[in-house]
Number of protein chains: 2
Amino acid sequence: MIGRQEADSIERRSGVSLWRQIADRILQAIATGDFAENAALPPEVALAERYGVNRHTVRSAISALVQEGVLRAEQGRGTFVLSRKRLSYPIGARTRFSTGLQGQTSERHIVLLSSSVEPASQRVAEGLGLARATEVIRLETRGEADGRPVSRAAGWFDARRFAGIDKAMAETGSITASLARFGIDDYLRQSTVLSARHADAADLADLDLQPGAIVLVTVAVNITPDGRPIQFSESRFPAERVELKLSAL
Amino acid sequence: MIGRQEADSIERRSGVSLWRQIADRILQAIATGDFAENAALPPEVALAERYGVNRHTVRSAISALVQEGVLRAEQGRGTFVLSRKRLSYPIGARTRFSTGLQGQTSERHIVLLSSSVEPASQRVAEGLGLARATEVIRLETRGEADGRPVSRAAGWFDARRFAGIDKAMAETGSITASLARFGIDDYLRQSTVLSARHADAADLADLDLQPGAIVLVTVAVNITPDGRPIQFSESRFPAERVELKLSAL
DNA sequence: TATAGTTGTCTATATCAATAGACAAATTTA
DNA sequence: TAAATTTGTCTATTGATATAGACAACTATA
């Protein structure tokens, strides 16, 4: 078995600058444990050799990661990895924000950013099994763990059945608790469709990301145990901070 | 609700060139149906206006997508979207390659690229519940649908229990059929961990991608119905061609 | 057959990205 | 303290990226 040459994975003239590619590689190396947390990175000249680029190019990558708060550089000493393990966000029949991250973070909560009432779009109507343009309530939320944004979601609910869920959400800070007020003490994940793309400007702002970052996108439908759709949602997760763990159900 | 300004999502000095960002945006617009298949794209000057860049920059993006086979440009007429819907790859308790894509493609199969015997790495050993460095068989495969690569996977099996599975795989072209030869007529997905990253050089070659593309990565363990681990796998999917559908299990 | 609309090609210029080399500044080690 | 190691800063040069404008080539339409 031939070992994978590191330098091979750097692509020139790709529309993605070398320093951004190398920053990605370093993030990946940290995520996989190749570069240990709280330890020093190899010196710049060694990294330059390893990736087959100039030392200054490595410095550009490092300075971007220092900006992001991933690394700390100290003149004369070295460059150090700050601890930032990727959260493992569980997805399964009973996907819940808070319970899923238990044990991985000391603090976690959902912030309600805004709510509105709007006619259901094609896909929302389909997901909820409603007629097109039926009124739905839309909740825009951000999930945070240890002070860092880990998700950004939009959720849609039938406006007739869940009138006031925006208020409940604002008060409880929990989808589960809000649904409980409407007599729903259990719900299941019916379907989840997953994709990935580059972060757009909204993602960058909402999730505190740097340009070029990747977001995981899930589109999901939650149903009651007897099969009635209650929530349609689209969530975005920063790939550098979150991985999705699809649990056996 | 304020409409999302298109031009906002283009980031300058991000380490990702504008033409690559715009190419991504166009791919996304096609995926969401904003730009219909087989129809003409807006003219270059309109796109330049829409994204807030020079016409030549749009042309760079378009020419990259023409290279990728996503678009076809015709002088004097316009630039047209070729049909290439994203495959929806189901993941659930009974994840199987061929059955999952039924109906979406006219043709699909798995190619065995190589096989080898090696000592289990840390994570493979953990996944299969074996002692570190136990011998395992590794199968490198590529999934293809309608002649296009849609997945690239490595699978590990206990070498003692599954001696000869490489041969079975080469003959049958199916993991399910190969496992059947070892008396396993059913197996379940125990766990799946999902992440996303930029394609590296190996991905580009294996999956026929252009630099800057995104891959979805799953790391999974399959078990027998009575709970014994049989397969550890890491799969990579081109995000521009595949989405993962996490089915209710 | 004009005319308008579209993609294709060319020149020129400015900025960003990457390489190269030299040396300063800070820290650790011998 | 001296030497070695490492990050920080500076100058210079080259190639890729992005903008700007003009015009050619081709297509569809009035």
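Quick caveat: nothing in here was measured; it's all calculated off a predicted structure. Reminder, nothing fancy here: chain letters follow the sequence lines and each chain counts from 1.
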Can you find a side chain N or O atom of [X] that sits less than 4.0 Å from OP1 or OP2 on [N]?
{"X": "S17(B)", "N": "dA16(D)", "answer": "no"}
{"X": "S60(B)", "N": "dA18(D)", "answer": "no"}
{"X": "N54(B)", "N": "dA20(D)", "answer": "yes"}

Mind calculating the distance between [atom1] ([X]) and [atom2] ([N]) to the nearest angstrom?
{"X": "E49(B)", "N": "dT19(D)", "atom1": "CD", "atom2": "C1'", "result": "15 Å"}
{"X": "L71(A)", "N": "dT7(D)", "atom1": "CG", "atom2": "P", "result": "11 Å"}
{"X": "R20(A)", "N": "dT17(D)", "atom1": "CZ", "atom2": "P", "result": "16 Å"}
{"X": "Q21(B)", "N": "dT17(D)", "atom1": "CD", "atom2": "P", "result": "13 Å"}

Quiz item: For DNA chain D, what is the dot-bracket line, given that a base pair needs Watson-Crick (N1 to N3, plus N6-O4 or O6-N4) or G-U wobble (N1-O2 and O6-N3) geometry with both distances under 3.5 Å, and | means paired with another strand?
Solution: ||||||||||||||||||||||||||||||
Self-check item: Atom pair CZ (F35(B)) and CD (Q28(B)), whose distance is rounded to the nearest 0.5 Å
Solution: 11.0 Å
Practice problem: Could you tell me the separation between the CD1 atom of I214(B) and the CG atom of L216(B), rounded to the nearest 0.5 Å? | Solution: 8.5 Å
Quiz prompt | Neighbour count >12 (heavy atoms, 6.0 Å) for atom CD, Q67(B) | solution = no
Quiz prompt | S233(A) side chain vs G155(A) backbone, donor-acceptor pair below 3.5 Å | solution = no
Self-check item: Main-chain N/O of A153(A) paired with S235(A) side-chain donor or acceptor, under 3.5 Å
Solution: no
For nucleotides 7-9 of chain C, tabulate all protein N/O to nucleotide N/O atom pairs closer than 3.5 Å, reporting atom names and distance.
| from | atom 1 | to | atom 2 | distance (Å) |
| --- | --- | --- | --- | --- |
| dT7(C) | OP1 | T79(B) | OG1 | 3.4 |
| dT7(C) | OP2 | E44(B) | N | 3.0 |
| dT7(C) | O4' | G76(B) | N | 3.3 |
| dG8(C) | OP2 | R59(B) | NH1 | 3.1 |
| dG8(C) | N7 | R55(B) | NH2 | 2.7 |
| dG8(C) | O6 | R55(B) | NH1 | 3.1 |

Quiz prompt | Partner set under side chain to side chain donor-acceptor pair (under 3.5 Å) for T57(A), not counting sequence neighbours | solution = none
Quiz item: Do L246(B) and L194(A) have side chains that get closer than 4.5 Å, going by heavy atoms?
Solution: yes
Exercise. Among R142(B), R236(B), R152(B), find the residue that satisfies the salt bridge (charged side-chain N to carboxylate O under 4.0 Å, His left out) test when tested with D203(B).
Key: R236(B)
